[in-house]
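This is a predicted model, so every value here is computed, not measured. We number each residue from 1, following the sequence as shown.
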Amino acid sequence: MEIEVVLAALAEPTRRRIMEALKDQPLAVGDLVTELGISQPTVSKHLKVLREAELVQMTAQGQRRIYSIQPEPLRSLMLWGEQFFPPSEPAEPTTVAALAATADYAPDSSALPAAAHQLGRSVGRGLEQVTGRAQEILERFPRFGRRR
């Protein structure tokens, strides 16, 4: 899937809310309507866009349609985004994907401050600002198949 399609699909806040709702478990359309507090036609419209971008998949269970996240387009997006991070020392992961790939990854991982510090030195920002932004980014990414 092209990065542009994934970015366009995720550009809409309602679609990002749907992705966040689906990050822990597959949900039926009705469950999404209840959880998000928006109409069924609106949820269905946004699910269609996410499905076309291959970010979610639908499975039928009788009359119910169950949606779940497809992680591959998000992995592709993370890999694409790595090019915008400055080069780092191999022993210290500094990109979201590198942090996420560590076996003991957790948003409050002790590797986060070290990585944020390296990023801060590289781009001239304060450690607190970078740490806060890195923490925010990591909390927004689903934890597909990662150990906690």
Side-chain angles (χ1 to χ4, degrees), residues 1-88 90-116 118-119 123 125 128-148:
M1 181 58 50
E2 292 184 29
I3 296 300
E4 292 82 11
V5 174
V6 173
L7 288 172
L10 294 174
E12 216 292 328
T14 303
R15 291 193 280 270
R16 290 193 306 272
R17 287 180 57 210
I18 290 171
M19 293 291 289
E20 289 169 6
L22 293 172
K23 73 180 176 184
D24 294 324
Q25 66 183 357
L27 294 172
V29 175
D31 296 332
L32 286 166
V33 167
T34 302
E35 186 167 330
L36 300 174
I38 53 181
S39 71
Q40 187 274 327
T42 300
V43 169
S44 293
K45 174 185 81 167
H46 289 298
L47 283 169
K48 178 182 180 199
V49 173
L50 292 171
R51 202 172 53 248
E52 289 172 350
E54 299 178 6
L55 287 162
V56 298
Q57 74 174 9
M58 184 272 300
T59 55
Q61 291 182 353
Q63 295 291 330
R64 296 178 56 173
R65 301 293 179 252
I66 309 296
Y67 285 86
S68 60
I69 291 179
Q70 291 290 87
E72 285 309 314
L74 294 172
R75 284 189 188 112
S76 297
L77 181 60
M78 288 172 62
L79 289 172
W80 173 82
E82 283 183 341
Q83 68 182 313
F84 301 104
F85 286 87
S88 65
E92 191 175 358
T94 59
T95 65
V96 174
L99 284 172
T102 61
D104 61 343
Y105 167 75
D108 60 348
S109 169
S110 61
L112 180 61
Q118 177 65 31
L119 280 171
V123 296
R125 295 184 183 164
E128 295 81 17
Q129 180 184 5
V130 173
T131 301
R133 182 67 180 134
Q135 185 75 30
E136 179 184 320
I137 291 168
L138 289 171
E139 287 173 353
R140 290 182 172 266
F141 276 98
R143 294 170 180 84
F144 299 109
R146 296 186 204 143
R147 291 181 258 160
R148 293 181 188 195

Gln40 and Ser44: side chain donor to acceptor below 3.5 Å: yes

Test: Glu20 and Lys23 ion pair at under 4.0 Å: no

Minimum-distance pair of heavy atoms, taken over all atoms of Ala21 and Leu36: CB-CD2, 4.4 Å

Test side-chain contact (heavy atoms from CB on, under 4.5 Å) applied to Thr42 - qualifying residues, sequence neighbours left out: Ile38, Ser39, His46

Exceeds 12 heavy-atom contacts within 6.0 angstrom, atom CD of Gln83: yes

Straight-line distance of Gln25 CD to Ser68 OG, nearest 0.5 Å: 11.5 Å

side-chain contact (heavy atoms from CB on, under 4.5 Å) partners of Lys48, counting only residues at least two apart: Arg51, Glu52

Result of checking Leu74, Ile69, Leu47, Ile18 against Leu55 for side-chain contact (heavy atoms from CB on, under 4.5 Å): Leu74

Met58 CE to Arg64 CZ distance, which is reported to the nearest 0.5 Å: 13.0 Å

If you look only at distance, which donor and acceptor atoms sit under 3.5 Å apart when one is on a side chain in residues 5-12 and the other is two or more places apart or in another chain?
residue	atom	partner	partner atom	Å
Glu12	OE1	Thr14	N	2.5
Glu12	OE1	Thr14	OG1	3.1
Glu12	OE1	Arg15	N	3.4

Any pair counted as ring-ring contact (aromatic ring centres under 6.0 Å, His included), so long as it reaches residues 60-83, sequence neighbours left out: Trp80-Phe84

Name of the residue among Leu50, Val56, Asp31 meeting side-chain contact (heavy atoms from CB on, under 4.5 Å) with Leu22: Val56

Glu35: partners by salt bridge (charged side-chain N to carboxylate O under 4.0 Å, His left out), with sequence neighbours left out: none

Spacing of CG belonging to Leu32 relative to CG belonging to Leu27, to within rounding of 0.5 Å: 5.0 Å

All salt bridge (charged side-chain N to carboxylate O under 4.0 Å, His left out) counterparts of Arg65, not counting sequence neighbours: none

